[in-house]
Structures are given as structure tokens and as C-alpha cells.
Amino acid sequence: MSGEHAENRTVFALTGEDRVEFLQNIVTNDVVGLQHGLVYAALLSPQGKYLADFFLVPDGERILIDVDSDLAASLFKRLSMYKLRAAVTLEQVAIPVARGLGEAPEGGYADPRDTSLGWRAYGLEAGPPSIDWDAIRVAQCIPQSQIELIPDQTFILEAGFEQFAGVDFRKGCYVGQEVTARMKHKTTLRKGYRQVRLDGEVPVGSEILSAGKPAGTVFTQANGAGIAYLRFDRISDDMTANDVKVVVAD
């Protein structure tokens, strides 16, 4: 087992008899999946744009919400707004989050996004960060909060949420569901994230040009590869970012 403290995470606890129904009506994934382990989900705007992604964690008579700390305040505000008359209580709790590779500790859960991301555990004290998670994410083209996943801009299907078990198309309505379902069933995605190879490192956010025309943006990079947001109709053999050659990985 190789584990470490997960940095920059905030945990909320949702309690009350309506907790499952409350979440089921607003988040992108099926909360019934909590009976099998972690559920990865997102909260969207009514226009279908990403606001926050998080893990839902089964914890007896409550559901824990594990979210990026930089998104915690806005998520808390949104969830509080949606509570209305639901019999639920939401509060921040001091529970450490650990993550790691190899065999999960007792009480740990497999990361539902991809097997390469190992496990997550709650209430387990762990050591300082030592694993190159960016390299793992780049290898699998897995987006991250506040880097590739940008509040009020990102559409989750362009970010691969379907591949990474973050959305369920059979669960019924949730906030932003109409736009997301239309993108799934009635359109062909024209933009999205792809792994690319680069001849050198460039600043995160660097524009990709294809034959001199804007074609996308480079984000996280590791080991000569990167995660790029691309216009598919402008992918070519003549792409550069900051004069560094960019090639879509096979």
C-alpha cells in the first residue's frame, strides 16, 4: 500500500432523511451507487456548465462530500440554496482525506474514475504527498478541478465525464440535465480533451495554433505529454503552442 494525505480537500457531511433524494435531484450521477462505494459526480449550472466535481462517500447515516477546497464555499452555497424544505443538514467536518496506490486500506474505496487513480480513504492519517498524480492523469487524460475543469465554462461531456463514471443518463432529472442529454443524444461533440505529445514544456493555458488558427489550449503536462482542450475540426500535423510542436497522441 502506498498512500498519502490528499491536499486541498474539504469534506462536508449531509445528514437527514431526505439526503439521498436531495442529492439525486441535483447531481449528475446516480446516488444509489453509494451502496457499492464512492460516487463521482458534479453539480452543474441550469445552463449545463460545470460548477464543481466531488466524491460522494457512504458513511452510515450521513453522506460525505469530498470536494476541492477552492470550490468548497461556492458548492456549500449552492447546496444550501437547493435545500429549500428538504429534511437535510449540511455542515463542514474535520475528516482527513487520504489517497494512494496499491492495495487499499481497510475502509478505503477504489477511485471510481479510473483504476490508475488507486484508492481514497476517509479518517485515515497519511504521510505527505509523494505520488506524481499529474503524470497519472496525463497518461489517462483525466481532468482536474481548477485546471482543466473550469467553473461556468466546462461542459462535462467534453471533459470525459461519461468515460470517468461521472454522469448517469438513466437516473432522471438533475440540474443541467437537459443540456447534457442534448449534447449526448442530439449532437456530435466538436471540442474536448485529448492527450497530446509536446516537444517541450509550455505554460499551463498556452494557446494551441493549427496552421496559424486557434485550435485549443494546453493544460497539465508530464513526461513529454499533456492534456489539451481541442477543436476537433482544427486538429492537424501543424500544431504548435509557444512554438513547441504539439501532436495528438494515438
Side-chain angles (χ1 to χ4, degrees), residues 4-16 18-29 31 34 38-99 109 111-113 117 120-126 128-129 133-134 137 142-156 158-161 164 166-167 173-177 179-180 204-205 219-220 229:
E4 63 180 47
H5 173 68
E7 292 187 306
N8 203 42
R9 305 299 294 184
T10 294
V11 178
F12 297 123
L14 185 71
T15 56
D18 293 342
R19 62 190 182 279
V20 172
E21 181 181 6
F22 167 69
L23 288 173
Q24 188 78 322
N25 289 332
I26 60 174
V27 305
T28 59
N29 215 340
V31 182
L34 283 167
L38 297 185
V39 170
Y40 178 58
L43 183 68
L44 308 181
S45 70
Q47 295 75 35
K49 293 184 178 180
Y50 163 92
L51 295 176
D53 62 319
F54 38 81
F55 298 93
L56 303 177
V57 187
D59 189 49
E61 294 301 308
R62 62 184 185 175
I63 297 171
L64 303 181
I65 303 172
D66 165 14
V67 64
D68 186 298
S69 293
D70 292 336
L71 298 174
S74 61
L75 178 62
F76 187 93
K77 182 177 180 180
R78 285 273 179 169
L79 293 177
S80 298
M81 179 183 72
Y82 285 126
K83 280 197 314 182
L84 298 176
R85 297 183 179 84
V88 295
T89 299
L90 181 69
E91 62 180 347
Q92 185 173 335
V93 291
I95 295 178
V97 181
R99 63 190 303 199
Y109 299 96
D111 190 312
R113 293 173 295 175
L117 292 171
R120 302 179 77 86
Y122 299 86
L124 175 70
E125 296 294 342
W133 295 106
D134 280 350
R137 290 196 307 104
I142 300 170
Q144 180 169 301
S145 309
Q146 303 287 76
I147 304 177
E148 292 84 17
L149 300 175
I150 305 170
D152 285 314
Q153 292 188 35
T154 300
F155 288 103
I156 61 170
E158 292 182 347
F161 266 62
F164 301 127
V167 59
C173 293
Y174 54 86
V175 180
Q177 181 265 345
V179 174
T180 306
V204 170
F219 291 97
T220 306
Y229 181 69

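Just the heavy atoms: all of them, side chains too, but no hydrogens, waters or symmetry mates, feed the values below.
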Results of side chain to side chain contact (heavy atoms under 4.5 Å, CB included) for [X] - residues two or more places apart only:
X    : result
A87  : E17, D18
Q177 : C173, Y174, A181
T89  : T15
P128 : none

Are [X] and [Y] close enough that some pair of their side-chain heavy atoms sits under 4.5 Å apart?
X    : Y    : value
P143 : F164 : yes
Q146 : P151 : yes
V20  : I63  : yes
L44  : K49  : no

Who passes side-chain hydrogen bond (donor to acceptor under 3.5 Å, both in side chains) against [X], sequence neighbours left out?
X    : result
S74  : none
Y122 : D66, R120
E21  : none
T220 : R137, E148

Distance check, rounded to the nearest 0.5 Å: [X] atom [atom1] versus [Y] atom [atom2]?
X    : Y    : atom1 : atom2 : answer
L51  : S145 : CG    : OG    : 12.0 Å
I156 : L149 : CD1   : CG    : 10.0 Å
L23  : N29  : CG    : CG    : 11.5 Å
I147 : D68  : CD1   : CG    : 9.0 Å
L14  : K83  : CG    : NZ    : 8.5 Å
H5   : L124 : NE2   : CG    : 11.5 Å

My understanding is that only residues two or more places apart in sequence, or in another chain, count here; which of them pass salt bridge (Lys or Arg N to Asp or Glu O under 4.0 Å) with D111?
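Only R113 meet the salt bridge (Lys or Arg N to Asp or Glu O under 4.0 Å) criterion with D111.
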So, using salt bridge (Lys or Arg N to Asp or Glu O under 4.0 Å) as the criterion, who are the partners of E61 when residues are at least two apart?
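Expected list: R19.
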Can you see which heavy atom on [X] is nearest to which on [Y], and at what distance?
X    : Y    : answer
T154 : A159 : CG2-CB, 3.9 Å
I95  : G123 : CG2-N, 3.4 Å
L34  : L56  : CD2-O, 3.3 Å
R99  : A6   : CD-CB, 3.9 Å
M81  : L84  : O-CD2, 3.9 Å
F22  : L79  : CZ-O, 3.5 Å

Side-chain donor-acceptor pair under 3.5 Å between E7 and W133, yes or no?
no
Checking L90 against I65 for the side chain to side chain contact (heavy atoms under 4.5 Å, CB included) test, could you report, in this order, the C-alpha distance in whole Å, the side-chain angles of both residues, the deciding distance, and whether it holds?
CA-CA 10 Å; L90 181 69; I65 303 172; 4.2 Å; yes
Keeping the roles fixed (side chain from T180, backbone from G48), state whether a donor-acceptor pair exists under 3.5 Å.
no
Criterion side chain to side chain contact (heavy atoms under 4.5 Å, CB included) on E158 and Y229, from CA distance to verdict
CA-CA 9 Å; E158 292 182 347; Y229 181 69; 2.7 Å; yes
Give the intermediate values and the outcome of side chain to side chain contact (heavy atoms under 4.5 Å, CB included) for residues I26 and L43.
CA-CA 7 Å; I26 60 174; L43 183 68; 4.2 Å; yes
Could you go step by step and tell me if V97 and F55 meet the side chain to side chain contact (heavy atoms under 4.5 Å, CB included) rule?
CA-CA 11 Å; V97 181; F55 298 93; over 6 Å; no
Which residues share a ring-ring contact (aromatic ring centres under 6.0 Å, His included) with F76, sequence neighbours left out:
F12
Quick one: list whatever passes ring-ring contact (aromatic ring centres under 6.0 Å, His included) with F161, sequence neighbours left out.
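For F161, the residues satisfying ring-ring contact (aromatic ring centres under 6.0 Å, His included) (neighbours in sequence not counted) are Y40.
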